[in-house]
Amino acid sequence: MTTCIFCMIGNKDIPAKVVYEDEYILCFHDLEPQAPVHVLIISKKHIDSLDAVTETDGELLAHIMLKVKDIAAELGLEKGYRLVNNCGKDGMQTVKHLHFHLLGKRKMIWPPG
Ligand code: AMP
Ligand code: ZN
């Protein structure tokens, strides 16, 4: 039994508001949204972080990136969006399972906090 919360969501052991799913990835609404639209795109395979990917994850990473625009379109983000990956301690990563935040429906600020 895994203790990784995103593996548990991927395995449907705990519920999430799913937006998109296929064999390799799952997209669901963040519990604490930081924008009117805030979803997470996770790999179904457990990978600790972007810092832990290897050459063998290349197709998976490409798949995630190529799905972003489809998910954004589905969520009505035609005015734009921000894709975020928090990696490691300084990156403020709190869940140690590879995921990307897709945020939209508000104007973002730069530089980020
Ligand atoms: P990070 O800080 O980049 O690791 O992002 C983890 C994100 O996961 C945060 O935005 C949390 O709000 C979100 N989160 C944690 N647990 C859940 C959950 N059970 N369902 C949906 N989102 C979650
Ligand atoms: Zn995991």
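Residue numbers run from 1 in the order of the sequence given. Because only heavy atoms are used, hydrogens play no part in the values below, and waters and symmetry mates are left out as well, while side chains stay in. Each ligand, and each atom within it, is numbered from 1 in the order the structure gives.
Distances below 4.0 Å separate heavy atoms of Gln93 from the following atoms of ligand 1: 4 (O). With ligand atoms numbered from 1 in the order given, ligand 1 contributes 2 (O) to contacts under 4.0 Å with heavy atoms of Met92. Near Glu32, meaning under 4.0 Å from any of its heavy atoms, are these atoms of ligand 1: 12 (O). Annotation for ligand 1: atoms under 4.0 Å from non-hydrogen atoms of His29 are 21 (C).
If you look at Phe6 next to ligand 1, the close heavy atoms, those under 4.0 Å, all belong to the side chain. Of the heavy atoms in Val84, none comes closer than 4.0 Å to ligand 1. At a heavy-atom distance under 4.0 Å, only side-chain atoms of Ile9, from C-beta outward, approach ligand 1. Proximity of His101 to ligand 1, defined as any heavy-atom pair under 4.0 Å, is confined to the side chain (atoms from C-beta onward).
The neighbour count for Glu21 CD, taken as heavy atoms of other residues, nucleotides or ligands under 6.0 Å away, is above 12.
Listed here is the closest heavy atom pair of Leu66 and Asp70: O-OD2, 4.1 Å. For His99 against Asn85, the heavy-atom pair with the smallest separation is O-ND2, 3.0 Å. Scanning all heavy atoms of the two residues, the minimum distance from Arg106 to Gln34 falls at NH2-O, 2.8 Å. Nearest heavy-atom pair across Asp22 and Lys44 is O-NZ, 2.9 Å. What you find for His46 and Asp48 is that their closest heavy atoms are NE2-OD1, 2.7 Å.
Among the atoms of Ile5, none of the N or O lies under 3.5 angstrom from an N or O of ligand 1. Where the criterion is an N or O separation shorter than 3.5 Å, residue side chain and backbone included, Leu31 meets it with respect to ligand 1. Looking at Asn86 next to ligand 1, an N or O pair under 3.5 Å apart turns up.
Residue-level check: among N/O/S atoms of His97, ND1 sits closest to the Zn ion (ligand 2).
Taking the six-membered ring wherever Trp is involved, the centroid distance between the rings of His101 and His38 falls below 6.0 Å.
Expressed to the nearest 0.5 Å, how far CG of Leu50 lies from CZ of Phe100 amounts to 5.0 Å.
Judged by distance alone, with hydrogens and angles left aside, the side-chain atoms of Asn11 form a donor-acceptor pair with the main-chain N or O of Cys7 at under 3.5 Å. The backbone N or O of Gln93 sits less than 3.5 Å from a side-chain atom of Lys96, completing a donor-acceptor pair.
Geometry note: the Zn ion (ligand 2) is the vertex, Cys7 SG and His46 ND1 are the arms, and the angle is 110° (rounded to 10 degrees).
Protein heavy atom closest to atom 11 (C) of ligand 1, with residue, atom name and distance, is Asp30 OD1, 3.4 Å. In this structure, the protein non-hydrogen atom closest to atom 2 (O) of ligand 1 is Thr94 OG1, 2.8 Å. Counting protein heavy atoms only, atom 1 (P) of ligand 1 is closest to His99 NE2, 3.2 Å.
Phe28 pairs with exactly one of Leu40, Val39, Ile41, Val19 by the side chain to side chain contact (heavy atoms under 4.5 Å, CB included) rule, that one being Leu40.
Ligand 1 does not have Gln34 within reach: every non-hydrogen atom of the residue lies 4.0 Å or more from it.
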